[in-house]
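Small disclaimer: the values here were computed from a predicted structure and weren't measured. Heads up: numbering here begins at 1 and tracks the sequence. Both ligands and their constituent atoms are indexed starting at 1 by order of listing.
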Amino acid sequence: MVYTECMSHSGYCAFCRSPKVYFKRKRLGFLNILGAFVGAMALNYIFRHQIDPIVFVIFVANMFAIELAIKIRWRMSLICHECGFDPVIYKRNPAVACQMVKAKMDERKADPIKTIFFPLALPKRKEIKGAEVGLKKTAQSIEELSAL
Ligand SMILES: [Zn+2]
């Protein structure tokens with residue numbers, strides 16, 4: 001429990017700014033390799049009562065399984081559980097990430113408890129402000145033109 005808490009980091013979702021816990025490491029560490037080797041020797045000794053050269057095959061299989069588990073843990077910790085935002089998919093294909101967030105938001109809207117008691121601080125668009133500035137600029141340019 002303590003070991004897991006040391007490896008995880010707390011941060012915020014890039015989209016909805018809700019707090020989340022994620023894992024930074026996505027590769028094998030020294031302790032993982034050591035654990036894979038000890039596990040391979042233990043498995044070999046349990047089943048054959050001696051250490052054979054097959055221990056290296058088990059060692060490689062253990063390393064493969066641990067690497068896969070670390071990758072899956074890292075990947076699953078990136079996805080926000082509140083809004084469904086996935087930064088990896090957003091980097092590859094923003095339209096698909098947008099659809100995933102919309103689906104999660106629709107699912108969230110259907111649940112009145114989450115909507116009322118746990119609202120999300122979603123980012124707001126500033127198009128209206130930009131449109132006003134654009135209108136002012138066009139108005140200024142029209143005034144300038146009329147002054148000439
Ligand atoms: Zn989020």
Side-chain angles (χ1 to χ4, degrees), residues 1-47 54-146:
M1 186 79 177
V2 176
Y3 184 64
T4 307
E5 286 177 0
C6 291
M7 293 182 342
S8 64
H9 301 269
S10 61
Y12 296 95
C13 172
F15 185 70
C16 69
R17 293 178 277 178
S18 60
K20 72 174 190 176
V21 175
Y22 65 98
F23 292 91
K24 273 187 180 177
R25 200 159 57 87
K26 55 182 175 179
R27 299 264 177 225
L28 282 173
F30 176 72
L31 284 177
N32 298 125
I33 295 171
L34 192 67
F37 188 69
V38 170
M41 287 181 63
L43 277 175
N44 195 4
Y45 192 75
I46 285 171
F47 289 113
I54 199 169
V55 77
F56 293 108
V57 176
I58 300 171
F59 170 62
V60 170
N62 276 353
M63 283 204 320
F64 181 75
I66 293 171
E67 170 96 13
L68 192 67
I70 289 174
K71 281 257 188 203
I72 290 172
R73 183 188 67 183
W74 169 77
R75 188 71 182 84
M76 296 312 289
S77 73
L78 283 183
I79 300 171
C80 178
H81 295 287
E82 299 295 329
C83 68
F85 179 69
D86 189 345
V88 174
I89 291 180
Y90 180 75
K91 203 170 179 183
R92 288 182 187 161
N93 192 350
V96 173
C98 184
Q99 285 178 353
M100 288 174 61
V101 169
K102 277 182 184 172
K104 185 78 176 185
M105 286 297 163
D106 291 340
E107 182 184 307
R108 198 177 167 86
K109 278 179 187 171
D111 189 2
I113 294 174
K114 282 188 178 177
T115 308
I116 295 170
F117 295 109
F118 307 105
L120 290 177
L122 293 175
K124 295 183 179 172
R125 292 186 172 182
K126 297 178 181 176
E127 289 178 5
I128 297 168
K129 196 172 184 180
E132 287 177 0
V133 170
L135 284 175
K136 284 179 184 174
K137 281 184 181 176
T138 52
Q140 284 177 353
S141 62
I142 289 170
E143 286 176 8
E144 288 171 2
L145 284 173
S146 63

Checklist entry - So do Phe56 and Phe37 actually touch side chain to side chain, heavy atoms under 4.5 Å? => result yes

Item to check | From Asp86 atom CG to Met76 atom CE, the distance as rounded to the nearest 0.5 Å | outcome: 9.0 Å

Item to check | Separation of Arg108 CZ from Cys16 SG (nearest 0.5 Å) | outcome: 7.5 Å

Checklist entry - Near the Zn ion (ligand 1), which protein N/O/S atoms are found at less than 2.8 Å? => result Cys13 SG, Cys16 SG, Cys80 SG, Cys83 SG

Using every non-hydrogen atom in the two residues, find where [X] and [Y] come nearest and quote the distance to one decimal.
{"X": "Lys26", "Y": "Glu67", "value": "O-OE2, 4.0 Å"}
{"X": "Met105", "Y": "Cys83", "value": "CE-CB, 3.5 Å"}
{"X": "Val55", "Y": "Asn44", "value": "CB-ND2, 3.7 Å"}

